[in-house]
Amino acid sequence: MDWAAQYRPQRLQDIIGNGQAIRQIAEWGKTWHTGARPLVLYGKPGIGKTTAAHALARDMEWEVIELNASDQRTKGIIERIAGAGSTTASLTGTGRRLIIFDEADNIHGNSDRGGARAIADVIRSSRQPIILIANDLYGLDQSIRGLCDTIPFRTILAKTVASHLRYICASEGVDCDTAALQHIADNSGGDLRSAINSIQAAAIGADHVGSGDVHTSQKDERTSIFELIKAIHSGADDDTMLRYAREVDGTPDTIEQWIEESMSTLSGTEEKAYAYQTLATADRFIGRTYRRQYYTLWKYASALMVMGPAEAAGGKGIHARIMPPGRWRKMGTGRKQKNLRSGIMGKLGESYHIPGNALREDFFTPITKLIEADPEEYARVLHFDKDELEFFIGDKKKAAEIIKDLTKERREEEQGFVRKKLTKAQKAALEAQKNVLPSAPEPKESQEEFREEPPKAVPKPPQEPASKPEPIPDRSQKTLFDGF
Ligand SMILES: Nc1ncnc2c1ncn2[C@@H]1O[C@H](COP(=O)(O)OP(=O)(O)OP(=O)(O)O)[C@@H](O)[C@H]1O
């Protein structure tokens, strides 16, 4: 079994180091009440943050619901899984449920769209305790950070790491040189998990481990991209940057995109130009690597993509939030637009009996003019959702209001209370009649206003007010450009 999992502390009191953080967590658990602020535990990988959250749950006898980065944290999924857990009682009916959002600073890209907002919503409505885990506090979305209390976790001292490794070796019956243990501890960077993984790797099939058996390059590859970016901007030495680039969990092309994004924070034009030039060359090397399967080039690509930007950054540090590559967001938006367009084409094609693929985008201009003239009627007849209506009228708020009204109307329709609204022209005509005959009794809701079924008609654009309501046009005689 994996020693890191086997020797994972079960109780808060067994966790090594970070005494103050552990005391704060225990206190938070004991005094937790509905409405208490969630905790963010943040710090480098492998120092006990997730372990502490689980140990607290065990100490408090709380159930655990855990979501991590591999879960597609779309709004719907978060609300389904955590939302239910956060507002209802636990399975046993009495206890609480601790909701753990692991890798909470890792919400990005299309699949996480809405994820941050959903977490913030869950936090606001939760009646259960919540703990978020992050490597980088500032990688956490601002909307979430502002709702939580934060507890930092520090890396563990090398001598503490060494003594824990000694305990594990003794428990496993492995004889290990003090020098070997110290070597692993010194190179662990305070990451206990990587130290445990290193000693286990060295001990496989051996009952004695000497210094020569230890390869600290076996360090778990968990340097975060944030550390790499910070190292590049703060003028770390080449060896450190290259080691981080090797250790970051990601392919060279994704790492390069993160670095590229961070270069947008440089202030000087020349510096930026230099950084982008070296990144472009690195990009060419990566491309060649993929095309020719000649992996030696990766090494050069990595060197270029960290050293060039580091030189451009001039060791001034990064004074902005480290963001995921902007092009990921754009790709997400592009995909959304494409799906939107094909959805619209499908609906237009169906309503006007034209094959969707025969409709070209040139139709959008005239159709847009018609829809702008009476968005409500077109949205009703063409069954638009709010994104589709917004596409034509370019007004998000108005589109949302119209669709909200139509949804309400449809709901009422389903319940058998169909109240057909008058078209603008009909309303104007009624209004005109009222003005001409001021003494006439208030028009009661006429038969015109109530229908069992809404007319299946393509609406006309608004017309000059007529003296009496326009008849509802017959859809079968309409063409795409009617009224245009
Ligand atoms: N402070 C600690 N005390 C005892 N064991 C620890 C401690 N920190 C880490 N470990 C060991 O390392 C393993 C991984 O720790 P854990 O998952 O809690 O780290 P983490 O800080 O949450 O890292 P990540 O951010 O990568 O999730 C644990 O199973 C345990 O064996």
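Ligands are counted one by one from 1 in listed order, and the atoms in each one are counted from 1 as well.
- Taking the six-membered ring where the residue is Trp, Tyr300 and Phe285 present perpendicular rings, their angle passing 60° and hence far from 30°.
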Next item on the list: Decide side chain to side chain donor-acceptor pair (under 3.5 Å) for Gln6 and Glu172; before the verdict, give the C-alpha distance in whole Å, the side-chain angles of both, and the deciding distance to 0.1 Å.
Entry: CA-CA 11 Å; Gln6 193 178 332; Glu172 292 295 321; 3.2 Å; yes
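- The residue from Leu192, Thr51, Ile196, Asp191 that puts a heavy atom closest to atom 28 (C) of ligand 1 is Thr51.
- For the side-chain contact (heavy atoms from CB on, under 4.5 Å) test with Pro309, the passing option among Ile229, Ile232, Leu266 is Ile232; the others fail.
- Checked against a 3.5 angstrom limit, the closest N/O atoms of Gly46 and ligand 1 fall inside it.
- At a heavy-atom cutoff of 4.0 Å, ligand 1 is contacted by both the backbone and the side chain of Pro45.
- Some N or O of Thr50 is nearer than 3.5 Å to an N or O of ligand 1, by distance alone.
- Within ligand 1, counting atoms from 1 as listed, the ones closer than 4.0 Å to a heavy atom of Asn135 are 25 (O).
- Distances from atom 17 (O) of ligand 1 to the heavy atoms of Arg193, Lys44, Lys49 show the closest one on Arg193.
- Interface of Ile156 with ligand 1, defined as ligand atoms under 4.0 Å from a residue heavy atom, comprises 1 (N).
- At a threshold of 4.0 Å, the pair Arg124-Asp121 counts as salt-bridged, since one of the basic side-chain nitrogens sits closer than that to a carboxylate oxygen.
- For the ligand labelled ligand 1, residue Gly17 lies outside the 4.0 Å heavy-atom shell.
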Margin query: Pair Glu27, Arg23 - check salt bridge (charged side-chain N to carboxylate O under 4.0 Å, His left out), show working.
Written below: CA-CA 6 Å; Glu27 187 58 25; Arg23 279 192 294 279; over 6 Å; no
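- Checked against the 6.0 Å centroid threshold, Phe384 and Phe392 count as a close aromatic pair.
- When the heavy atoms of Ile15, Ile47, Val161, Asn18 are ranked by distance to atom 8 (N) of ligand 1, first place goes to Ile47.
- The atoms of ligand 1 that sit less than 4.0 Å from any heavy atom of Ala4 are 28 (C), 29 (O), 30 (C), 31 (O).
- Using a cut-off of 4.0 Å between Lys/Arg side-chain N and Asp/Glu carboxylate O, Arg97 and Glu63 are scored as salt-bridged.
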